[in-house]
Amino acid sequence: MLQLYNTLTRRKEPFAPLEPGKASIYSCGPTVYRDVHIGNLRTYLLADWLRRLLEARGFAVTHVKNITDVGHMRQEMLDRGEDKVIAAALAAGKTPQQIVKEYTKSFLRDEAALDIKPADVFPRATDHIPQMIEMTQELLKRGLAYEVEGNVYFSVERFSGYGKLSGNVEASLLEGVRAEMDPRKRDPRDFALWKATEPGRVMKWPSPWGEGFPGWHIECSAMSTFHLGPTFDIHTGGVDNIFPHHEDELAQSEGALGHQVVRYWMHGQHLLVDGLKMAKSTGNTYTLPDLQSRGFEPPAFRYLCAATHYRRRLNFTFDSLRAATFALNRLRQEAFLAAQSPDSEGGEEWESAFWDAMEDDLHLPRALAIVWRMMRSETPPGAKARLLRSFDEVLMFGLFAPPTEVPAPVRALVDERQELRRRATFADADGLRERIDAAGFHVRDTRNDPAVVPAPAPPPAKAVGLHSSKDIPSWLEKPDELDFSLILNGRDDLDGLRRGVEAALRHAGDHKIEVIVVDNGSSDGTSEWLEELAARDERVRAIRCDHNLGVGAARNCGLRQARGRYVVLLDSSVELTGDLLSPLAEALEDGPAGIVGAFGVNTEDLRDFEDAPGPEVDAVEGYLMAFRRECVREVGLMDEKFRFYRHLDLDYSFAFREHGYRNRIVPDLPLRRHAHSDWERTPEEERDRLSKRNFYRFLKKHGDRTDLLLASAKK
Ligand code: AMP
Ligand code: ZN
């Protein structure tokens with residue numbers, strides 16, 4: 001009996017479909033303004049396994065997966081009338097239609113590569129504006145919505161069931177509403193069903209309230225009920241969809257129709273990187289082509305996802321993907337061997353155990369374990385092969401991908417080798433083994449006849465780079481071996497990084513230095529340039545991260561490896577123009593110097609910061625921060641939660657202050673400042689958000705330490 005965990009009731013429930021033998025599924029699909037990432041794909045895999053399981057158990061499934069091509073916006077954007085598709089189009093100098101076409105294509109390509117069965121319908125939001133308008137009208141008629149100046153809002157207060165899906169009520173609800181209040185809303189919890197257009201907007205439609213465009217949530221209410229009827233069985237999405245998207249969808253659908261619409265809500269947990277949700281806005285995404293270009297096969301990602309239950313978080317690493325590849329290759333070999341025997345009866349216990357696991361809320365990890373136990377058991381190979389074939393219709397690992405048999409020439413080599421071994425001419429036998437390997441097969445010597453299996457190319461052998469700063473050993477406790485460690489980091493900023501590194505090398509004078517360059521997951525040729533430079537100049541050390549670890553972590557990679565008495569953190573926007581190291585060393589030996597640098601700020605309240613000439617300052621800016629390495633042992637490393645650079649410098653400066661150190665500016669240091677690449681390339685929208693996030697992080701840690709400020713010392 002199939003049991004599914006229902007977010008609505010917060011428990012596993014037996015699945016009883018609306019119509020016997022049928023099942024209808026609606027899945028929240030992509031917003032097509034960028035490539036889908038493997039986090040999104042994890043959520044689509046959940047829906048795929050659900051669908052395939054239902055089909056394997058005899059249900060006729062109708063699967064609808066929407067394509068959001070308008071209206072998916074964050075509240076701030078919404079207030080400006082922008083949405084993700086339009087913003088991406090503007091940024092790329094394309095029309096929204098071009099953007100939508102491009103990313104719909106890449107989404108379908110990635111789903112196909114993962115053997116995700118295409119949905120029966122992929123409705124697009126822009127094709128369903130009339131349905132959305134109709135539903136909005138119905139909500140107005142029922143008194144659940146109100147219009148203000150061409151905008152229509154859902155009135156949360158009027159819908160008594162609001163909050164039943166997410167459990168968000170009142171106070172916590174408000175927290176979920178990220179935006180500053182739109183003055184037209186009667187209640188901050190209310191959300192837009194329809195927005196009036198602003199001048200110049202291209203994606204707009206006529207409506208009873210004037211020209212405008214739909215809110216994001218209404219599309220899923222309108223399209224799900226249009227394609228699946230007024231009640232349907234299962235709705236899927238990622239957990240981030242629960243609130244506000246699905247809470248709002250539920251309110252709209254039930255509000256307009258007057259009855260329960262979705263019977264089972266299923267939500268997949270997130271895919272994480274470094275413990276953070278994979279998201280474009282965090283800058284930690286990988287796409288399926290990213291994995292492929294590193295030599296991984298899509299089914300390996302599928303296998304990796306199957307190994308963690310969908311309601312658990314999955315922390316993605318390349319090591320785990322590599323392990324999944326090995327496991328999958330091995331399973332394919334076992335399948336190949338079993339398939340050499342004709343299908344036969346038997347193995348009923350495995351069959352029922354497998355389907356029991358799958359029907360227990362899609363417990364794929366348990367189902368996988370059962371598959372492995374069966375392969376190792378004494379069950380006849382023909383039965384194993386038969387069962388595996390049926391399991392793989394749901395798992396979709398491609399277990400029986402070609403080759404399906406050993407080609408005659410390879411078989412001949414194996415027989416010949418066997419003969420040589422019988423005659424104990426092992427050296428010759430080994431030569432044949434190599435020829436067999438070269439043909440893409442592998443001989444396993446067993447007690448009986450040797451087993452021959454396909455030997456697929458192994459996954460990329462070496463680690464592609466650091467997964468986290470902790471992957472690199474810390475030398476902080478080691479004695480100083482050099483005068484200075486200069487640390488620079490960059491991501492896709494080859495020109496800036498090169499300029500900064502070359503200037504640092506040029507102006508090192510007689511100081512014994514090392515330049516540690518942390519390539520924070522670049523894909524613009526930075527790593528090739530660095531490798532070449534490090535080979536040429538022994539003062540240069542390259543550290544490569546396999547993805548963007550964030551600025552805090554990148555700097556920590558450098559700090560962990562530094563061996564100089566003094567550490568100098570340089571931003572790639574800073575170019576040395578003369579001997580800067582001598583005055584820095586002098587300043588650092590003077591009194592209990594904490595961080596010294598070129599630019600500083602003071603503050604009265606830890607909220608507003610003003611440029612300050614020094615000599616003493618509250619905080620040293622991140623363009624250039626120098627300190628004695630021994631201080632790091634005491635103060636600690638940088639806070640890696642600061643993935644974006646802003647406020648990281650203030651945070652570290654205050655960490656030094658809290659340990660009793662004074663921070664100071666050295667005037668007239670020989671350097672030139674260039675545009676800050678991270679700032680320049682971050683869209684305005686993103687800048688504000690990332691800056692704010694870091695600012696609050698900073699405030700939470702140090703906000704009440706006015707006692708540390710220079711301003712309070714003067715009083
Ligand atoms: P979006 O394009 O952001 O609306 O996301 C499409 C789908 O992917 C939604 O169902 C999200 O809940 C889901 N999703 C987004 N990020 C992740 C993640 N890191 N892990 C798993 N699912 C995700
Ligand atoms: Zn949706």
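Atoms within each ligand, like the ligands themselves, are counted from 1 in listed order. Not measured: the values here are computed from a predicted model.
- In this structure, of N40, I242, D240, the residue bringing a heavy atom nearest to atom 11 (C) of ligand 1 is D240.
- Distances between N or O atoms of T43 and those of ligand 1 include at least one value under 3.5 Å.
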Please assess D120 against R51 for the test salt bridge (charged side-chain N to carboxylate O under 4.0 Å, His left out), listing each intermediate value before the final yes or no.
CA-CA 11 Å; D120 301 292; R51 173 191 183 160; 3.6 Å; yes
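- Ligand 1 has a nitrogen or oxygen under 3.5 angstrom from a nitrogen or oxygen of G238.
- Near M278, with a cut-off below 4.0 Å to any heavy atom, the atoms of ligand 1 are 16 (N), 18 (C), 19 (N).
- With 3.5 Å as the limit, one finds a donor-acceptor pair spanning the side chains of H63 and S27.
- Considering backbone and side-chain N/O atoms, W216 never comes within less than 3.5 Å of an N/O atom of ligand 1.
- A donor and an acceptor atom, one from each side chain of Y26 and D233, are nowhere located under 3.5 Å apart.
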Before you tell me yes or no, could you show the steps for E55 and K117 under salt bridge (charged side-chain N to carboxylate O under 4.0 Å, His left out), namely the whole-Å CA-CA distance, both residues' side-chain angles and the distance that decides it to 0.1 Å?
CA-CA 12 Å; E55 288 178 343; K117 200 166 186 172; 2.8 Å; yes
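- No side-chain N or O of N241 forms a donor-acceptor pair with one of H267 less than 3.5 Å apart.
- Distances between N or O atoms of L271 and those of ligand 1 include at least one value under 3.5 Å.
- Geometrically, ligand 1 and N241 share a nitrogen or oxygen pair separated by less than 3.5 Å.
- Residue K65 does not touch ligand 1, judged by heavy-atom distances below 4.0 Å.
- Y146 and D190 share a donor-acceptor pair across their side chains, judged by distance under 3.5 Å alone.
- Contact atoms of ligand 1 toward T31: 2 (O), 4 (O) (distance under 4.0 Å to a heavy atom of the residue).
- Side-chain N/O atoms of N520 and N489 include no donor and acceptor closer than 3.5 Å.
- Partner R302 forms a salt bridge (Lys or Arg N to Asp or Glu O under 4.0 Å) with one of D115, D48, D392 and no other, that one being D48.
- Ligand 1 is approached by H37 to a heavy-atom distance shorter than 4.0 Å.
- Backbone and side-chain nitrogen or oxygen atoms of G237 are examined, and none is located within less than 3.5 angstrom of a nitrogen or oxygen of ligand 1.
- For ligand 1, one of its N or O atoms has an N or O atom of G39 under 3.5 Å away.
- When SG of C220 and SG of C28 are joined through the Zn ion (ligand 2), the resulting angle is 130° to the nearest 10°.
- Considering R313, Q269, R34, H245 only, the shortest heavy-atom separation from atom 1 (P) of ligand 1 involves R34.
- In summary, the side chains of H217 and E247 do not present any donor paired with an acceptor at a separation below 3.5 Å, with no hydrogens or angles considered.
- Here atom 6 (C) of ligand 1 lies nearest to Y44 when heavy atoms of Y44, Y310, F107 are compared.
- Between R42 and ligand 1, no pair of N/O atoms sits closer than 3.5 Å.
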Worked verdict on T231 versus Q260 for side chain to side chain donor-acceptor pair (under 3.5 Å)
CA-CA 7 Å; T231 313; Q260 182 174 18; over 6 Å; no
